[in-house]
Amino acid sequence: MNTRDEVGEFTQIFIALMGLMRRFIFRILCVGPIPNHISFIMDGNRRFAKKHKLKGLDAGHRAGFVSVTYILQYCKEIGVPYVTIYAFAVDNFRREAQEVKCMMDLMLEKVELSIDQANSGYLKGVRVIFAGDMNSINEPLRVAAQRLMEVTKDNRGLTVVVCVAYSTSHEIVHAVRESCLRKCDNGDGPLVLEVSDVEECMYTTIAPDPDLLIRTGGRNRLSNFMTWQTSGSLLHTTAALWPELGLWHMVWAILKFQRMQNYLQKKQKLD
Ligand code: IPE
Ligand code: MG
């Protein structure tokens, strides 16, 4: 056996041990309540690229995608049924055209990869839903996103809502418009909208309201993300940049959620 084989074997043993340790930690974590829905404001990709002197406009976002796969895997192993990620805000269209193109191209690459993975059974139970103004993104990405939703629609293990070209203001305007149209089609009396009519037409209606909202990158804003749905959610912010978010941050955030249970439940009853 040469040195390279030995290093390879050592790496495999190390990965297996880490996996075992993770499962053990998750077992303990699952003794307490687990959030039904976690949403993520992924922030800090470009700062990560700068910090590590990575070259290329999409370098930070590429690192961010690696984090997405790990975090989704952790959520799946913990047994969280719904995850929402803020992948591209309506405001992000105001970034430099070149960066927007890079981000869209990268998203297309990852969506296409996910379609292949779904077809070969690698996504194992993950259902992907895209939420946002899909008409404002380019056609290849829109078509691929549609295809990914189609090929994963019967999966029930973990539902991942990917918010693209999303902002709550746009979502509300879209939902109000849509519910007006539905009501107009249904009758000829005066048009009265209920909150439930609007809620039914939201982009993110597939998932229940988030229990836990995690924002990376050290900022404490909601950035127009699910502000309608998060009035009762626990907000957890961390200084870690999105590509740095790892196992311990997740465990810490869920422990905080568990510690705050009494408060959150009392608050829900009062509302
Ligand atoms: C988040 O990171 C990327 C998106 C999900 C849109 P940024 O691109 O905002 O990176 P920073 O905050 O400028 O470092
Ligand atoms: Mg940012």
Side-chain angles (χ1 to χ4, degrees), residues 37-75 82-114 126 128-138 140-142 144-145 148 160-171 203-204 207 210 212-227 229-230 233 235-246 249-250 253:
H37 180 180
I38 307 183
S39 359
F40 293 94
I41 300 180
M42 311 186 287
D43 197 22
N45 289 351
R46 294 182 298 186
R47 276 169 280 162
F48 178 85
K50 208 168 164 192
K51 186 170 157 186
H52 295 276
K53 299 188 175 57
L54 304 177
K55 295 262 177 324
L57 271 179
D58 63 356
H61 302 302
R62 279 195 179 274
F65 264 103
V66 177
S67 234
V68 170
T69 47
Y70 279 116
I71 296 299
L72 292 182
Q73 180 62 29
Y74 298 159
C75 289
Y82 294 95
V83 169
T84 306
I85 54 175
Y86 202 6
F88 193 89
V90 171
D91 275 359
N92 291 150
F93 280 117
R94 294 211 296 256
R95 291 186 178 188
E96 292 215 352
Q98 254 190 321
E99 191 191 344
V100 173
K101 186 178 177 317
C102 267
M103 290 170 85
M104 290 293 159
D105 288 351
L106 179 61
M107 218 174 318
L108 177 61
E109 179 191 316
K110 299 299 172 188
V111 171
E112 283 174 343
L113 178 73
S114 304
V126 178
V128 184
I129 307 275
F130 285 84
D133 179 12
M134 299 306 278
N135 290 326
S136 65
I137 60 171
N138 63 55
L141 179 55
R142 188 169 56 247
L148 182 56
V160 181
V161 182
V162 184
C163 293
V164 177
Y166 175 91
S167 77
T168 311
S169 339
H170 277 71
E171 182 177 35
Y203 292 133
T204 49
L212 177 60
L213 171 62
I214 300 178
R215 176 169 187 144
T216 59
R219 305 209 164 118
N220 299 302
R221 294 178 285 117
L222 292 183
S223 301
N224 216 339
F225 179 60
M226 297 188 94
T227 50
Q229 300 90 336
T230 50
S233 316
L235 174 63
H236 175 77
T237 57
T238 164
L241 304 173
W242 173 255
E244 294 167 348
L245 196 78
H249 296 103
M250 284 301 293

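For ligands, and for the atoms within them, numbers begin at 1 and follow the listed sequence.
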Query raised in the report: Name of the Asp43 N, O or S atom nearest the Mg ion (ligand 2)?
Result: OD1
**Report entry** Protein residues that have a heavy atom under 4.0 Å from any atom of ligand 1, sorted by chain and number
**Finding:** Met42, Asp43, Gly44, Asn45, Arg46, Arg47, His61, Tyr86, Ala87, Asn92, Arg95, Met103
**Report entry** Straight-line distance of Glu109 CD to Ser114 OG, nearest 0.5 Å
**Finding:** 10.5 Å
Query raised in the report: Distance-only, no hydrogens or angles: does the Thr168 side chain make a donor-acceptor pair with backbone N or O of Asn224 under 3.5 Å?
Result: yes
Query raised in the report: Okay, side chain of Ser233, backbone of Pro210: is any donor-acceptor separation there less than 3.5 Å?
Result: yes
**Report entry** Pairing of Glu244 and Arg47 as salt bridge, 4.0 angstrom limit
**Finding:** no
Report task. Apply the side chain to side chain donor-acceptor pair (under 3.5 Å) test between His61 and each candidate in Glu99, Arg46, Lys110; give the one that qualifies. Result -> Glu99
Requested in this report: Kindly assign one of parallel, tilted or perpendicular to the pair Tyr86 and Tyr166, based on the angle between their ring planes and the thresholds 30° and 60°.
Outcome: perpendicular
